[in-house]
Asks: 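Below are the structure tokens for one structure; questions will follow.
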Amino acid sequence: MTPAMVPWLSIRRAIREAQEALRRAGVGEARVVPTKSLSFGIVTSTSAFEEAREKGLDAMTHAEAVAVRTREHVGGLIADVRAAHPGYVNFFPDWRRFSESVVKGVLEDVGSFLYEGLDDGEVVVEHTSVNPNKALHVGHARNVCIGDTIFRLMSKAGRKVLVINYVDDSGAQMAELLLGFMELGFDLNPPEGTRFDEYCGDTVYVEVNRRAKVDRDIEAKRRRVTRELEDRGSRAFRLSREIALRVLRDQLRTCYRLGARYDMLVRESDVVASGLWEEAFNMLKASGAVYAADRGSKAGCWVADLSDHPVLSKEGDEVLVKSDGSTTYVARDIAFALWKLGKSKTELKFSLWEVRDGRTTYISSDDGIPARPESPKIVITVVDSRQRRPQEVVRHAISKLGVDAHRYVHYSYEPVLLSKRSAEALGAKAERGAIKMSGREGIYFKVEEVLNKLVEVATRETAARRPEWSAGKVRDVAEEIAVGAFRYGMLKVDSDKQIVFDIEDSLRLEGDTGPYLQYTVVRAKKILMKAEETGLEPSPAPVEGLTDEEMRLVREVSIVPLTIEDAVGTLRIRSLVTQARTLATLFNEFYENCPVIGGGPNANFRLGLVAAYVRVQGELMEMLGVPVLDEL
RNA sequence: GGGCCCGUAGCUCAGCUUGGACAGAGCGCUGGCCUUCGGAGCCAGAGGUCCCGGGUUCGAAUCCCGGCGGGCCCGCCA
């Protein structure tokens, strides 16, 4: 995309005009950024500080001189240039032109307004990846919400995104669940009214772990089952495939409820059978990235050589093939990483899983169509921060195979903890402020139960406000409110911070929540509807001066493309949440102070601004997976 | 012992990558705003050693160094 093709209807145009004016005034390549407050204009440059230092001048005096010279060269959206203490050069817009440019840009084509000029290319995102032995709890939900939001952001930004859910159906947790059915006599059918994934996680798995504490035979049996699982013809293997599929189907219902979607479900048992590891192993051996240890504690193993890694080298080399010939988790992850990167010749086979909302999902299988990613620019794996080290081992290994390590991104996030209050509500002891959730001990909140409680609260609130609505309509809207509140709660805390989950707090629908965004858009849409009834036409152009609230809202809309560009580059999705929230707050202030219907000479412009707000906020909410409603 | 992350208002968090103009929200607390497009909202007030100590800089919550406190990782588990 060449600059000439970009319409530059957002604040970028003001930035560009300011830079051009500074250049003509002899300042050179100056950094120009949006101001924090409108009293400082629309955009500002701090380059006078640096120039003054280099030339040994007083910053303020120099800034004033720069402002005077620059003022000669502005026009278009910029009306004035003024210096401000202690040395800023501030650019003040012609608000009528600036507003028209922004609102017109949004109303003509919100897509090009927000996403123009962003890179394209393929992206692979792996997320969810929950062991198929239990229902999703709120900790897993953070992974799903982050991963799905990355998918949504990248898709809107014009990338082709392949979403993968890695299903570890061959690990120890699966073996433990199997024990419940094979040795403890649990029926394969849950009690009436109980979901299979919840039955497995809440009842069977917890019971196996409870027994294992008092019965030493359980551990021996688990090892036996684990061995049996390696034989694809065994009864244990067939049973585990069946159970894993049933659990997966239920887990996906929850993911879909949260708004997530997938292209490929990849089962670890299929990866193991595919020969992917053997191929990767040969590549690793050929490159000298691995060696057979012949002494020390790892004698008899094949290990990854980490001696040239600045940090990992301090912790010893990594075992990839155990002395009994089986592979470790990290080994399989290296092989799968190569496959995701398109560096593997081995093709996994896929068959149709389902078609939902026009999106086709495939699952790995014994037979079917061979498929693999072609050559994605970037592969993002969403996994919690405890896997930083193994993920770094993967990166190190693939870079030794000639892959640019920048293409492999571990999207790390801190875990979800339970607040003391909520932990105690589950019967767990909490000495400190928050405790870890535990699948083995049944200490967790399931996503479904949290969503259901949210639906209850939202139903109560909605029914009270909308007594004329049918129960079905109330229920539909309450579901969307619940999902919006939940996803917002998962995304609003930055990924490097732990989330302390408190069930009572999570049921709030006021303040800094998803419903705040939903409510604000509904307000705006009501204005649009009412305007249509009264025959008021939207216009991008103000006919008189703007109020403070109008200026602030216009300005915020104008910087959204910058926020999106930044999020695409850094994957910091938290900034999208902040952006949506700020935008909504400014809209509410506008709403309180600037009547649209009967709003005087600028009524048409105000209507245009409301329409622009709805479009831009709608895009942000779609990215975050907070449903946009018409009414609530 | 080594490594990574966090530490900002009573509580939960933005801001830190790219240093800059008075450190911002939400919840809670106090007090206002429904004859105006719907009050899941808005306005005002109270509440801060930006963990501590050095350093760099005209300027540090932000960058650097050293501490302290909390979490996580360092397995032939996944």
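These numbers were taken from a predicted model, which means no experiment stands behind them. To find a chain, count down the sequence lines: A is the first, B the second, and so on, and within it residues start at 1.
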Asks: Does the Lys NZ or Arg CZ of Arg523(A) fall within the cation-pi geometry relative to Phe587(A) - under 6.0 Å from the ring centre and within 45° of the axis?
Replies: no
Asks: Side chain of Thr570(A), heavy atoms from C-beta onward: which of A14(B), U17(B), C37(B) has the nearest atom to it?
Replies: U17(B)
Asks: My understanding is that only residues two or more places apart in sequence, or in another chain, count here; which of them pass salt bridge (charged side-chain N to carboxylate O under 4.0 Å, His left out) with Asp630(A)?
Replies: Lys525(A)
Asks: Would you kindly say whether Glu537(A) and Asn604(A) are connected by a side-chain donor-acceptor distance under 3.5 Å?
Replies: no
Asks: Is there, by distance only and without an angle test, a donor paired with an acceptor across the side chain of Arg465(A) and the base of A40(B) below 3.5 Å?
Replies: yes
Asks: Using a 4.0 Å heavy-atom cut-off across all strands, classify Asp566(A) as base, sugar-phosphate, or nothing.
Replies: base
Asks: May I ask you to say what Ile481(A) touches in the nucleic acid, namely base, sugar-phosphate or nothing, with a heavy-atom cut-off under 4.0 Å?
Replies: base
Asks: To the side chain of Asp496(A), which of A40(B), C76(B), C5(B) is closest?
Replies: C5(B)
Asks: Name the pairing partner of A25(B), where a pair is Watson-Crick or G-U wobble with both distances under 3.5 Å, or state none.
Replies: U12(B)
Asks: Verify the distance criterion only: is there a donor paired with an acceptor across the side chains of Tyr329(A) and Asp168(A) at less than 3.5 Å?
Replies: no
Asks: May I ask you to say what Gln173(A) touches in the nucleic acid, namely base, sugar-phosphate or nothing, with a heavy-atom cut-off under 4.0 Å?
Replies: nothing
Asks: Which part of the nucleic acid does Thr44(A) contact within heavy-atom distance under 4.0 Å: base, sugar-phosphate only, or nothing?
Replies: base
Asks: Of all the choices, A40(B), C37(B), A21(B), which nucleotide is nearest to the side chain of Leu632(A) once you look at every atom?
Replies: A40(B)
Asks: When you measure from every atom of RNA chain B, which of residues 320-330 of chain A have a heavy atom less than 4.0 Å away?
Replies: Lys322(A), Ser323(A), Thr328(A), Tyr329(A)
Asks: With respect to the side chain of Lys36(A), which nucleotide from A21(B), A78(B), G41(B) is positioned closest?
Replies: A21(B)
Asks: Look at the side chain of Asn588(A) against the base of A40(B) and say whether a donor-acceptor pair falls under 3.5 Å; ignore hydrogens and angles.
Replies: no
Asks: So Ala83(A), base contact, sugar-phosphate only, or nothing? Heavy-atom distance under 4.0 Å.
Replies: nothing
Asks: If you only use heavy atoms from C-beta on, which nucleotide in G39(B), A78(B), C58(B) is closest to the side chain of Phe49(A)?
Replies: C58(B)
Asks: Without hydrogens or angle criteria, can the side chains of Tyr516(A) and Asn588(A) be said to hold a donor-acceptor pair below 3.5 Å?
Replies: yes
Asks: Examine C37(B): is either OP1 or OP2 under 4.0 Å from a nitrogen or oxygen in the side chain of Lys525(A)? Give yes or no.
Replies: no
Asks: Are Glu51(A) and His62(A) close enough that a side-chain donor and a side-chain acceptor fall under 3.5 Å?
Replies: yes
Asks: Under a 3.5 Å limit for both distances, which nucleotide forms a Watson-Crick or G-U wobble pair with C77(B), could you say?
Replies: none
Asks: For Asp494(A), which contact category applies under a 4.0 Å heavy-atom criterion: base, sugar-phosphate, or nothing?
Replies: sugar-phosphate
Asks: Ignoring backbone atoms, test whether Tyr516(A) places a side-chain nitrogen or oxygen under 4.0 Å from the OP1 or OP2 oxygen of C42(B).
Replies: yes
Asks: If I take atom NE2 in residue His410(A) and atom P in nucleotide C5(B), what distance separates them, rounded to the nearest angstrom?
Replies: 13 Å
Asks: What salt bridge (Lys or Arg N to Asp or Glu O under 4.0 Å) pairs are there with at least one residue in residues 29-48 of chain A, not counting sequence neighbours?
Replies: none
Asks: Starting at CZ of Arg389(A) and ending at C1' of G2(B), how long is that distance when rounded to a whole Å?
Replies: 11 Å
Asks: Under the 3.5 Å rule, do the base of G71(B) and the side chain of Gln498(A) count as making a donor-acceptor pair?
Replies: no
Asks: Checking contacts here: which listed nucleotide (U8(B), G26(B), U17(B)) is nearest the side-chain heavy atoms of Arg572(A)?
Replies: U17(B)
Asks: Of all the nucleotides listed (C5(B), C13(B), A78(B)), which has the minimum atom distance to the side chain of Arg388(A)?
Replies: C5(B)
Asks: Give every residue pair that meets the ring-ring contact (aromatic ring centres under 6.0 Å, His included) criterion with at least one member in residues 298-318 of chain A, sequence neighbours excluded.
Replies: Phe281(A)-Trp302(A), His309(A)-His396(A)
Asks: Classify Arg53(A) by what it touches in the nucleic acid, base, sugar-phosphate, or nothing, heavy-atom distance under 4.0 Å.
Replies: base
Asks: Once you round it to whole Å, what is the distance between C1' of A78(B) and CD of Glu318(A)?
Replies: 12 Å
Asks: Closest to the Arg523(A) side chain: G39(B), A14(B), U57(B)?
Replies: G39(B)
Asks: Please identify each residue that fulfils side-chain hydrogen bond (donor to acceptor under 3.5 Å, both in side chains) with Gln391(A), with sequence neighbours left out.
Replies: Asp333(A), Tyr408(A)
Asks: Checking all strands, does Ser297(A) fall into the base, sugar-phosphate, or nothing category for heavy-atom contacts under 4.0 angstrom?
Replies: base
Asks: Do any side-chain nitrogens or oxygens of Arg386(A) fall under 4.0 Å of OP1 or OP2 in C5(B)?
Replies: no
Asks: Using a 4.0 Å heavy-atom cut-off across all strands, classify Ala59(A) as base, sugar-phosphate, or nothing.
Replies: nothing
Asks: Please list, chain by chain and in numerical order, all residues satisfying ring pair (Phe, Tyr, Trp, His ring centres under 6.0 Å) with Tyr205(A), sequence neighbours excluded.
Replies: none
Asks: Would you kindly give the CG-to-P distance between Leu536(A) and U36(B), to the nearest whole Å?
Replies: 19 Å
Asks: Reckon Val596(A) touches a base, only the sugar-phosphate, or nothing at all at heavy-atom distances under 4.0 Å?
Replies: base
Asks: Side chain of Thr462(A): nearest nucleotide among A21(B), C37(B), A40(B)?
Replies: A40(B)
Asks: Is the phosphate of G7(B), meaning OP1 or OP2, less than 4.0 Å from a side-chain N or O of Lys497(A)?
Replies: yes
Asks: As a test of the definition: with a 90° window around 0 for syn, would you call C16(B) syn or anti?
Replies: anti
Asks: Using a 4.0 Å heavy-atom cut-off, does Asp58(A) contact any base of the nucleic acid, only the sugar-phosphate backbone, or nothing at all?
Replies: nothing
Asks: What is the distance from CG of Asn593(A) to P of G39(B), rounded to the nearest Å?
Replies: 13 Å
Asks: Under 4.0 Å: is that the gap between some side-chain N or O of Lys314(A) and OP1 or OP2 of G1(B)?
Replies: no
Asks: Using the side-chain heavy atoms of Val493(A), tell me which of these nucleotides is nearest: G41(B), C37(B), A14(B).
Replies: A14(B)
Asks: Using OP1 and OP2 only, check whether a side-chain N or O of Tyr591(A) sits under 4.0 Å from G39(B).
Replies: yes
